[in-house]
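Input: a single structure, listed below in structure tokens.
The chains referred to below are lettered A, B, ... by the order of the sequence lines, with proteins before strands, and numbering in each begins at 1.
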Amino acid sequence: MALLELRNVSKSFAHAAGALRVLENISFTVEHGEFVAVVGPSGCGKSTMLRIINGLMQPTSGQVLYRGRQIDGINLDCAMVFQSFALMPWLTVKANIELGLEARGAAPAEREKRAGVYIDKVGLDGFEEAYPRELSGGMKQRVGLARALAVEPQLLLMDEPFSALDALTAITLREELLDIWQSADMPVHNIIIVTHIIEEAVELADRILVLASGPGRLVADLRVDLPRPRNRRKEAFNALTDKVFSLIEERA
Amino acid sequence: MAHSPINPIPDCQLTWVFGLLETLDDRGGRDDGYKIARDLNFKFGDLLKVMKTAEILGFVSTPDGDVVLEPLGKQVIESEINQRKLIVRERLKSLGLFAYLVRLLQAQEDRALTREVVLEHLAMLLPNDPPEKMFSTIVNWGRYAELFGYNKDEDRFYLDQD
């Protein structure tokens, strides 16, 4: 059974001039252990799709099945990482990471233990008592990642996680994410990342779903067979990047 | 043992250093600094700070405007996160400024100082560099390497000993 299946998912929002169609007839499945990237221009509804997968938003029509069952409300097997980091400025790094666990009803001792484990995994040891304003963007996003991992999700959803970071920071964090995803003792083996950076999708994912905008629809589902670690300066990497780019461009 | 000379450190994030090492590795271990800055859309002045930091740490050398990945730099990118932190820790301990602060903290009964006192030391040691900025870089590198901690609420700069 697939981990996740979207069946003819459409989403419209009420609008002065009638309904605004954001997603139209999106269907795909995600198998266990897959790292999937969703790429498309801004306004193609990719972030909306992530919210529907998470159960934060209901589709107007169609179904989202998780392990074969229709999602009803927020899917607690998912955790989300945001472009804006979404940290509480008045809380320390450790308290920010514990927050997700607190929201899920974990007891204080359990929260502390699990926060400690994931602080270590993402390399935040030493930063426990720092406040977000003392941190660089890269460190802030490591906190966002640790907070999401600490709830030990089956499926990690990432909404443009590296788009607010400079190039060198993004390079480092992408490498760290791959290390985490590939390490055997990490609970999360499924990731869906939404990005508008095509190279990022080609570098990270097993599969790339290409969305076109107006309304958002799935125009391609490509398997990435390049061996890891992937080198951006290799011909095969560039060929695939160009292919995705032309798929997006010809429908823009 | 003679102490290493105390030099200022660039205002640079370690995350940038690792990004530079990855970039160099993708480019066969050597490239022109200016070209890297241009390709990554990074300000050249900022990239110079990153190159300088990577050089201080022994991860790269910088002959004739090029950046060359050194064996220790290669080891850093092949290490997992916590080994990487250990390598940085050992390198920081060998830098004059960090070694001075370690000795200074060791001489305190509770192995801690206030920010104000550290700023005074920095101002004396390196009168041409703004001490506030240097303090925040020291705290960031020190936290990453688990060499120093800083508790803002208690205003306590301390030796991280576990």
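- Within the 4.5 angstrom heavy-atom criterion, no atom of A/Ala170 approaches chain B.
- For chain A, the nearby part of B/Val50 is the side chain; its heavy atoms alone come within less than 4.5 Å.
- Interface remark: A/Leu173 contributes side-chain atoms only to the contact with chain B (heavy atom separation under 4.5 Å).
- Residues meeting the side-chain hydrogen bond (donor to acceptor under 3.5 Å, both in side chains) test with B/Ser94, sequence neighbours left out: none.
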Distance-only donor-acceptor pairs under 3.5 Å across chain B and chain A:
| from | atom 1 | to | atom 2 | distance (Å) |
| --- | --- | --- | --- | --- |
| B/Thr15 | O | A/Thr172 | OG1 | 2.8 |
| B/Thr15 | OG1 | A/Arg142 | NH1 | 3.1 |
| B/Thr15 | OG1 | A/Arg142 | NH2 | 3.4 |
| B/Trp16 | NE1 | A/Asp166 | OD1 | 3.0 |
| B/Trp16 | NE1 | A/Asp166 | OD2 | 3.0 |
| B/Trp16 | NE1 | A/Thr169 | OG1 | 3.1 |
| B/Gly19 | N | A/Thr172 | OG1 | 2.9 |
| B/Asp26 | O | A/Asn231 | ND2 | 3.1 |
| B/Asn82 | ND2 | A/Asp120 | O | 3.3 |
| B/Asn82 | ND2 | A/Asp120 | OD1 | 3.3 |
| B/Lys85 | NZ | A/Gly123 | O | 2.8 |
| B/Lys85 | NZ | A/Asp125 | O | 3.0 |
| B/Arg143 | NH1 | A/Glu134 | OE1 | 3.2 |
| B/Arg143 | NH2 | A/Glu134 | OE1 | 3.0 |
| B/Asn151 | ND2 | A/Glu129 | OE1 | 3.0 |
| B/Asp153 | OD1 | A/Tyr131 | OH | 3.1 |
| B/Asp153 | OD2 | A/Tyr131 | OH | 2.5 |
| B/Tyr158 | OH | A/Glu129 | OE2 | 2.6 |

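- A search for side-chain contact (heavy atoms from CB on, under 4.5 Å) contacts involving B/Leu125 returns B/Ile6, B/Leu97, B/Tyr100, not counting sequence neighbours.
- Proximity to chain A (any heavy atom under 4.5 Å) is restricted, for B/Phe42, to the side chain, taken from C-beta onward.
- Residues B/Leu20 and A/Leu168 approach most closely at N-CD2, 3.5 Å, considering heavy atoms.
- Residues B/Ile81 and A/Gly123 approach most closely at CG2-CA, 3.2 Å, considering heavy atoms.
- Annotation: side-chain contact (heavy atoms from CB on, under 4.5 Å) contacts of B/Ala37 (sequence neighbours excluded): B/Phe44, B/Leu47.
- Enclosure of atom CG in B/Asp110 by more than 12 non-hydrogen atoms of other residues, nucleotides or ligands within 6.0 angstrom is indicated.
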